[in-house]
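We number each residue from 1, following the sequence as shown.
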Amino acid sequence: MVGEEDSPYPEVRASVANTDDPDMPTLTFRMWFIGITMCLLRACLNLFFDLRWPSPTISETLIAVLAYPFGKALDRMLPIRFWTIPPSIPLVGGRVFSLNPGPFNIKEHTLVFMMSSVAGLSPYGMNMIITAEKSYGTPLGIGLFIYPASIIWPNALVTSALLNTLHAEEETRKGQMTRYRLFIICGAGAFLYYFLPDNVVVNQLFGTVTGLGMGLLTFDWAQVWNMGHLPIMGYSAYDRFGLQYDIHRVLTPDKQLNVTAYQEYSPV
């Protein structure tokens with residue numbers, strides 16, 4: 001029986017919890033420190049790599065994975081002590097403050113993830129809200145991120161499942177494996193597969209960035225027949241001769257497209 005607050009989709013119910021602990025600390029020193037640090041690192045590294053080719057990117061999922069051991073280390077290293085903020089300080093005076101209010105929790109982890117997303121592309125859900133309001137005249141509001149439960153956010157399911165896996169206290173039967181242990185094994189296997197092999201032939205045959213990508217199957221005949229002349233790797237567009245595309249051959253003196261010259265030279 002699916003409750004009102006449950007999603008009707010089992011994939012969502014398996015990845016997203018429908019319960020909340022209001023006493024769980026959120027705006028902690030750890031959250032701000034890790035979040036700002038990860039945000040700065042991601043913004044700097046992505047800009048650094050964007051100016052180079054190939055251009056790897058630091059994704060939000062990678063930040064979520066790296067933030068977990070960082071947070072667990074701080075909840076063991078920071079002192080367990082409470083201070084009272086002087087009453088003379090506006091807004092926060094008289095409140096109790098601690099560098100380590102308890103174990104690093106999923107809410108802190110989620111806020112770190114949200115902060116790091118500022119350093120990447122535009123917010124995932126905001127594109128849908130703006131499109132619905134500007135193109136269809138239907139204002140959705142920020143409540144769409146939570147209600148109704150029947151809405152699916154496919155990209156968010158991966159992160160939600162990851163955070164719940166890292167913070168869940170699972171009780172497994174004898175002979176079964178926890179999701180966290182499975183994640184560690186798969187992560188270690190992926191590291192061994194992608195980073196340790198140093199074989200030029202394997203890279204040229206199966207690499208998806210600097211190789212032929214033979215590990216992937218395709219039924220697109222345009223890929224099979226019309227791209228055999230192109231180089232294995234490159235950072236620019238190429239003409240039908242396999243050379244770097246000469247944009248000046250298809251432009252008029254006033255920098256307009258010459259359709260005839262474009263058709264005669266090399267349609268893309």
Using 0.5 Å steps for rounding, measure from the [atom1] atom of [X] to the [atom2] atom of [Y].
X: Leu243; Y: Tyr238; atom1: CG; atom2: OH; answer: 9.5 Å
X: Gln256; Y: Leu251; atom1: CD; atom2: CG; answer: 8.5 Å
X: Met115; Y: Thr37; atom1: CE; atom2: OG1; answer: 8.5 Å
X: Ser116; Y: Arg42; atom1: OG; atom2: CZ; answer: 5.5 Å

Do the side chains of [X] and [Y] join up, straight or via other hydrophobic residues, at under 4.5 Å, putting them in one cluster?
X: Leu74; Y: Ile63; answer: yes
X: Met114; Y: Leu66; answer: yes
X: Ile89; Y: Phe29; answer: yes
X: Met38; Y: Ile58; answer: yes
X: Trp32; Y: Trp83; answer: yes

Item to complete: Measure across Arg249 and Ala261 and return the closest heavy-atom pair with its distance rounded to 0.1 Å.
Response: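 Heavy atoms of Arg249 and Ala261 come nearest at O-CB, 3.4 Å.
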Practice prompt. Can you see which heavy atom on Gly71 is nearest to which on Ile34, and at what distance?
Written response: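 Minimum heavy-atom separation between Gly71 and Ile34: CA-CD1, 3.5 Å.
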Worksheet item: How would you list, by chain and number, every residue that makes a ring pair (Phe, Tyr, Trp, His ring centres under 6.0 Å) with Tyr245, sequence neighbours excluded?
Response: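 Partners of Tyr245 by the ring pair (Phe, Tyr, Trp, His ring centres under 6.0 Å) criterion, ordered by chain and then number, come out as Tyr265.
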Worksheet item: Ignoring hydrogens and geometry, is there a side-chain-to-backbone donor-acceptor pair from Asp239 to Ser266 under 3.5 Å?
Response: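 No, the answer is negative, given that no donor and acceptor are paired below the 3.5 Å cut-off.
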When you compare the side chain of [Y] with that of [X], does any pair of heavy atoms fall below 4.5 Å?
X: Lys72; Y: Phe70; answer: no
X: Leu257; Y: Tyr262; answer: yes
X: Phe97; Y: Thr84; answer: no
X: Asn258; Y: Val250; answer: no

Would you tabulate the side-chain donor-acceptor contacts of residues 99-112 under 3.5 Å, counting partners in other chains and residues two or more places apart, or write 'none'?
unit_1 : atom_1 : unit_2 : atom_2 : d
Asn100 : OD1    : Arg30  : NH1    : 2.8
Asn100 : ND2    : Asp75  : O      : 2.9
Asn100 : ND2    : Leu78  : O      : 3.1
Asn105 : OD1    : Lys107 : N      : 2.9
Asn105 : OD1    : Glu108 : N      : 2.9
Asn105 : ND2    : Pro25  : O      : 3.0
Asn105 : ND2    : Glu108 : OE1    : 3.0
Lys107 : NZ     : Asp20  : OD1    : 2.7
Lys107 : NZ     : Asp21  : O      : 2.9
Glu108 : OE1    : Arg30  : NH2    : 2.8
Glu108 : OE1    : Asn105 : N      : 3.1
Glu108 : OE2    : Thr28  : OG1    : 2.3
Glu108 : OE2    : Arg30  : NE     : 3.2
Glu108 : OE2    : Arg30  : NH2    : 3.1
His109 : ND1    : His167 : NE2    : 2.8
His109 : NE2    : Ala64  : O      : 2.7
Thr110 : OG1    : Ile106 : O      : 2.7

Worksheet item: Does CE in Met24 sit with more than 12 non-hydrogen atoms of other residues, nucleotides or ligands closer than 6.0 Å?
Response: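 Counting other residues, nucleotides and ligands, CE of Met24 exceeds 12 neighbours.
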Discussion item. Determine whether Met31 and Thr26 satisfy the following criterion, side-chain contact (heavy atoms from CB on, under 4.5 Å), listing intermediate values before the conclusion.
Written reply: CA-CA 7 Å; Met31 186 279 296; Thr26 54; over 6 Å; no
